[in-house]
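Have a look at the structure below, then the notes.
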Amino acid sequence: MKQGTIRQILLLTDGCSNNGEDPSAMAVLAREQGITVNVIGIIDEDASNQRGLHEIDQIALSGGGISQTVYATQLSHTVQMVTRQAMTQTLQGVVNEQLKKILHKETDLEALPPDTRGEVMEVVDELGETANLEVLILVDTSASMASKLPTVKEALLDLSLSLNARMGSNLFSLSIFPGKRKETEQLIDWTPTLESLPAVFSKLSPGGLTPTGPAIREAISKFKGKRHKKGWLPTDDEYIEKSV
Amino acid sequence: MTNTSKNLFNVSRGTVIHGKWKKQTYLVERKIGQGATGTVYLVNGADGEAALKFSQPLSITSEINVLKAFAKVRGSSLGPSLLDADDWENGGSVYSFYVMEYIKGPTLTDFIKARGPSWIGVLLLQLLENLHALHEEGWVFGDLKPDNLIVSGPPFALRCVDVGGTTKIGRSVKEYTEFFDRGYWRAGSRKAEPSYDLFAAAMVAVNLVYPERFLRDGTGSRQLILKVKQKQELRAYAPVLVKALQGEYASAQEMREELLEALGAASHESRKPSSRPSHSVKNNGRTARRRQQKKEKQLFGLASVLGTAVLYVLYILTEVLM
């Protein structure tokens, strides 16, 4: 069976965008092109930022993804869970569509008796395990994120570890915003593992505005551009083996 | 979070839950557990006491699949048996639930606290036996930790109340707890294979002697090995734990056999006379013992000389005074 590819943007931020397009609108734009936007809001133990939290939920809602706000200490577990759940959600969407076609009526998983639901769920699990996954990680490196970046690094390494235990292939890419000269800067091009992450993170110098909207717009184009490149296709065995 | 892990399940005592598909009814007694994935209630059904879990329909479906798989594992009583799975329609909403056997008893943590660390090795043996049966059927347990393990009985048997992390061998482990996860310690992958569970089983023992747990310091399994060696309670079978932490066991059976041997040797050792006198005896064996005997003889001689001297002085004194 030929496996499909799930495309996700994973946005890690601590609060409010203050520059450029509305990030929720950009998340809709991503969703229209089959890319899910998941948002993880990293908050300080002492402060709560209502506007920031609202924006985080809105972006994920618009981007068909999942959002969660966490304290920096719980980040690792959350990042991998959100990514997983978003995959499952996407696959469920696909399976639900198929069910509607087969059953010729408006029905979804919840409307089936538990036993049948179990069989369908088994298919979704299987797909989640074997599907190819492309995750573009978008990290907010504005001034307020400085103290959280070491935790973000650990969480992303952990994500790579988790996803590479799957049977399907993975491609990761890392961009930060704001960049040195532009709104967004790509630090790691599409790669099956995030081994180069610690070196890249050690050179970061957080600061500047938070152009979340433009960063999402830019991220979408990274998915498009990649398709023209040679050598990324999952049929390239040697390339895939490295990711295992 | 926008769509998961919000616990909207709050059912009060006395509520009657009707199954939509299979028409079973359950009377809610009390809440017995609440976690990230759902809420568990003690209920009374047609067949008596049972545990009923509400959760998101999709995560619950996966759990039911796992419980069904557990039922097929012969020779393992690790998980609770599944009794029913259904939906409950209430106030315009549909809630998915399943009903399982109610397992009574303290958690492994509380059990060890009450009865002492000498039970750790024995219960670990039981755990490994159960894990072996599960692995043979093509599954790994995944989210193994003392809070999820219940000691039922007597006769004491180790049971597990949360099977949400159970994964088919060869897939990736999705649910885990950092302290017990070899990925967190950078000691291996999150691929579901027997050695993943064996690492977690060793960490269960570690957690029982370090109830506060500890954070990683970046040195990987070296840190864990050091922690194991620092605890007297684990000394008898520390080499077994160390091997498990380094992923050197291919099967639970293999680890169990070595643990059994280590525990047997340990109890044999404790039966030997435990008096251990001075260093010289330990170091030099027979000659030292002989030397000591000689010294004792000399002391005895000295004492008798002194004794006679004292008696003689007393005799003279009495003579003079009279």
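In what follows, chains carry the letters A, B, and so on, assigned in the order in which the sequence lines appear, proteins first and then strands, with residues in each chain numbered from 1.
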Legend entry - B/Glu175 side chain to A/Met81 backbone, donor-acceptor under 3.5 Å: no
Inset, instruction - Could you tell me whether the side chain of A/Gln80 reaches within less than 4.5 Å of the side chain of B/Ser172, counting heavy atoms only? - result: no
Inset, instruction - Determine whether more than 12 heavy atoms belonging to other residues, nucleotides or ligands lie under 6.0 Å from atom CG of B/Asp47. - result: no
Inset, instruction - Kindly check if the number of other-residue, nucleotide or ligand heavy atoms within 6.0 Å of CZ (B/Arg213) is above 12? - result: yes
Inset, instruction - I would like to know whether A/Glu154 and B/Arg216 meet salt bridge (charged side-chain N to carboxylate O under 4.0 Å, His left out); could you show each step before the answer? - result: CA-CA 12 Å; A/Glu154 286 299 320; B/Arg216 63 180 167 199; 3.0 Å; yes
Legend entry - Residue pair A/Asp125, B/Lys168: steps toward the side-chain contact (heavy atoms from CB on, under 4.5 Å) verdict: CA-CA 11 Å; A/Asp125 273 354; B/Lys168 274 188 187 153; over 6 Å; no
Inset, instruction - In sequence, state the C-alpha distance, the side-chain angles, and the governing distance for A/Glu119 and B/Lys68, and then conclude on salt bridge (charged side-chain N to carboxylate O under 4.0 Å, His left out). - result: CA-CA 12 Å; A/Glu119 286 164 33; B/Lys68 281 183 184 162; over 6 Å; no
Legend entry - Residue part contacting chain B, namely of A/Glu129, when any heavy atom lies under 4.5 Å: side chain
Legend entry - Heavy-atom contact with chain A under 4.5 Å, split by part of B/Tyr176: both
Inset, instruction - State, with a plain yes or no, whether a side-chain heavy atom of A/Asp158 is found less than 4.5 Å away from one of B/Arg186. - result: yes
Inset, instruction - To the nearest 0.5 angstrom, please state how far the CZ atom of A/Arg117 sits from the CD1 atom of B/Ile64. - result: 7.5 Å
Inset, instruction - Specify which of A/Ser76, A/Ser162, A/Gly128, A/Gly41 makes the most heavy-atom pairs with chain B at under 4.5 Å. - result: A/Ser162
